[in-house]
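Everything on this sheet refers to the single structure shown next.
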Amino acid sequence: MPEGLEAEIWRRAAQPLIGRRIERIELDKRVADPALIAAVGKRIDGVRRHGKVIVVDTTGPAIGIRFGMTGRLIIDGVAPIRQLEYASGRDRSNWDRIRLWTYPESARDAPAMRMNDPRRLGRVDIDPDLSRLGPDAFEISAAALADSLSGRRTSMKAALMNQEVVAGLGNLCVDEVLFSAGISPMATVDAVGDAGTHQVWRAMRRRLPVMLERGGSIYGVIDPERRRNLGRCPFGRCNGSLRSDKVGGRTTVWCPAHQLVEFC
DNA sequence: CGGCATGTTTCGCC
DNA sequence: AGGCGAAACATGCC
C-alpha cells in the first residue's frame with residue numbers, strides 16, 4: 001500500500017471524524033466486507049494505525065482499511081495525499097471502494113470518508129485481525145527489531161518488507177533506510193549481524209520522521225527521479241553509482257560502493 | 001504494445 | 001512443519 005508513512009498522514013487527517021455518527025455506508029463488495037453496514041448508526045470512537053493499516057473504531061464494528069498499491073483516503077472531500085507515484089491523480093467515483101457519510105457533519109454531498117483505489121488491491125475489513133503484524137516501524141525498539149529479525153534466513157530487504165517482522169515499511173522506505181544505514185539490501189540478516197541491525201534501526205529513527213514531515217515515502221534521498229534515472233550516489237562523499245536490481249521480488253535501488261555487508 | 005508499478009496472498013518447493 | 005521465492009491478483013500508465 002502506500003506505506004506506513006502515508007497511512008500515518010491519513011490517520012492524522014481522519015481525526016476530525018472522531019465523535020461523529022455514521023449515517024450511511026456504500027461499499028464495493030468485491031473488496032469491502034458487506035458486513036460493514038453494521039457500522040451504520042454507530043459513533044466513531046477513534047482512528048488509529050498499525051503499520052500500513054488504518055482502523056476506524058466505532059461503538060459497533062471496527063473498520064480496517066488496507067490500501068494496496070494505489071488506494072487513497074479522502075476525508076470530507078479533501079485528499080491529504082493528492083497523487084500517488086504509481087497512479088494518476090485522477091479520481092473516478094467508480095474507483096471508490098467504500099464511502100461513509102456522517103451525521104451531521106458531512107460536507108454537502110462529499111462523503112466524510114472514502115477510499116479510492118483504481119487497482120483494487122486494497123481491502124476494507126470488519127474487525128481487522130492485526131495479530132500477525134510485527135511491531136510498528138515508528139515505535140519499534142532496537143531490541144525488538146533485533147529480536148524480530150533473529151532466525152531469518154532471507155535478505156535484509158525481504159525481511160524488512162515482511163510485515164510480520166516490522167509493520168509499516170514498504171519498498172521505498174526499505175530502500176531509503178538501507179541506503180542511509182549503508183547496508184546492502186541483498187545481505188542476509190545473518191550476515192548483517194547485530195551491529196548492522198542496529199545501524200538499520202538508527203536509520204529508521206533518523207529517516208522516517210523526515211520523510212513523514214516532507215509528505216511521504218517518495219521524499220527520501222532515493223526519490224522517484226533517482227529510481228528512474230539512477231546516476232551518481234548522493235551518499236556523503238561516496239563515489240559510487242546507483243544501480244537497480246530485483247531483491248526480495250521488488251525493484252531495489254542501491255549503491256554497491258557504500259551499502260556493504262559490513263556497514264560503513 | 002510490453003512492461004512495470006509505495007502490496008498481500010497463495011502455491012509449491014525445499 | 002514452516003519459512004521462503006515466485007506467481008497471481010487487477011488495473012492504469014508510459
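By convention in this document, chain letters (A, B, ...) are assigned in the order of the sequence lines, proteins followed by strands, and residues within each chain are numbered from 1.
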Distance-only criterion, 3.5 Å: show the donor-acceptor pairs between side-chain atoms of residues 35-46 of chain A and protein atoms not counting sequence neighbours.
residue, atom, partner, partner atom, Å
A:Arg43, NH1, A:Asp45, OD1, 3.2

Please report, rounded to the nearest Å, how far the [atom2] atom of [N] is from the [atom1] atom of [X].
| X | N | atom1 | atom2 | answer |
| --- | --- | --- | --- | --- |
| A:Asp245 | B:dC4 | CG | P | 14 Å |
| A:Ile222 | B:dT6 | CD1 | C1' | 15 Å |
| A:Met161 | B:dT9 | CE | C1' | 14 Å |
| A:Arg90 | C:dC13 | CZ | C1' | 10 Å |
| A:Asp117 | B:dT6 | CG | P | 15 Å |
| A:Asp91 | C:dC13 | CG | P | 12 Å |
| A:Asp190 | C:dG3 | CG | P | 17 Å |

What does the 5'-to-3' dot-bracket notation of DNA chain B look like when only Watson-Crick and G-U wobble pairs under 3.5 Å count, and pairs to other strands show as |?
.||||.||||||||
Report the distance from atom CD1 of A:Ile222 to atom CZ of A:Phe235, rounding to the nearest 0.5 Å.
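The CD1 atom of A:Ile222 sits 10.5 Å away from the CZ atom of A:Phe235.
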Could you state the interatomic distance from CZ (A:Arg123) to CE (A:Met115), rounded to the nearest 0.5 Å?
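Output value for this atom pair is 9.0 Å.
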Under 4.0 Å between a side-chain N/O of A:Lys246 and OP1 or OP2 of B:dG3, yes or no?
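Result: no.
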Between A:Arg250 and B:dA5, does any side-chain N or O lie under 4.0 Å from OP1 or OP2?
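Indeed not, no polar side-chain atom of A:Arg250 lies that close.
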With P as the reference atom in both, quote the distance from C:dA6 to B:dC4 in angstrom, rounded to an integer.
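Nearest-Å result for C:dA6 against B:dC4 at atom P: 15 Å.
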Scan the side chains in residues 138-152 of chain A for donor-acceptor partners under 3.5 Å anywhere in the protein, sequence neighbours excluded, and list what turns up.
residue, atom, partner, partner atom, Å
A:Ser141, OG, A:Ala144, N, 3.0
A:Ser148, OG, A:Val165, O, 2.5
A:Ser150, OG, A:Asp147, O, 3.1

With sequence neighbours left out, write down each residue that passes ring-ring contact (aromatic ring centres under 6.0 Å, His included) with A:His198, or none if nothing qualifies.
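Per chain and number, A:His198 pairs via ring-ring contact (aromatic ring centres under 6.0 Å, His included) with A:Trp201.
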Using a side-chain heavy atom cutoff under 4.5 Å and only I, L, V, M, F, W and Y, what cluster partners does [X] have?
| X | result |
| --- | --- |
| A:Trp95 | none |
| A:Trp254 | A:Met186, A:Val247 |
| A:Val210 | none |

Can you figure out which of C:dG12, B:dT8, B:dT6 approaches the side chain of A:Trp95 most closely?
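Ranking C:dG12, B:dT8, B:dT6 by closest atom to the A:Trp95 side chain puts C:dG12 first.
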Residue A:Arg66, side-chain heavy atoms: nucleotide from C:dG12, B:dT9, B:dT6 that is nearest
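Among C:dG12, B:dT9, B:dT6, the one nearest the side chain of A:Arg66 is B:dT9.
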Partner residues of A:Leu230 under the side chain to side chain contact (heavy atoms under 4.5 Å, CB included) criterion, sequence neighbours left out
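Side chain to side chain contact (heavy atoms under 4.5 Å, CB included) check on A:Leu230 returns A:Leu242, A:Ser244, A:Val253.
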When you compare the protein's N or O atoms with those of nucleotides 4-10 of chain C, which come within less than 3.5 Å of each other, and at what distance?
residue, atom, partner, partner atom, Å
C:dC4, OP1, A:Arg153, N, 2.8
C:dC4, OP2, A:Arg152, NH1, 3.0
C:dG5, OP1, A:Thr154, OG1, 3.0
C:dG5, OP2, A:Thr154, OG1, 3.2
C:dA10, O3', A:Arg120, NH2, 3.4
C:dA10, N1, A:Arg119, NE, 3.0
C:dA10, N1, A:Arg119, NH2, 2.6
C:dA10, N3, A:Arg119, NE, 2.9

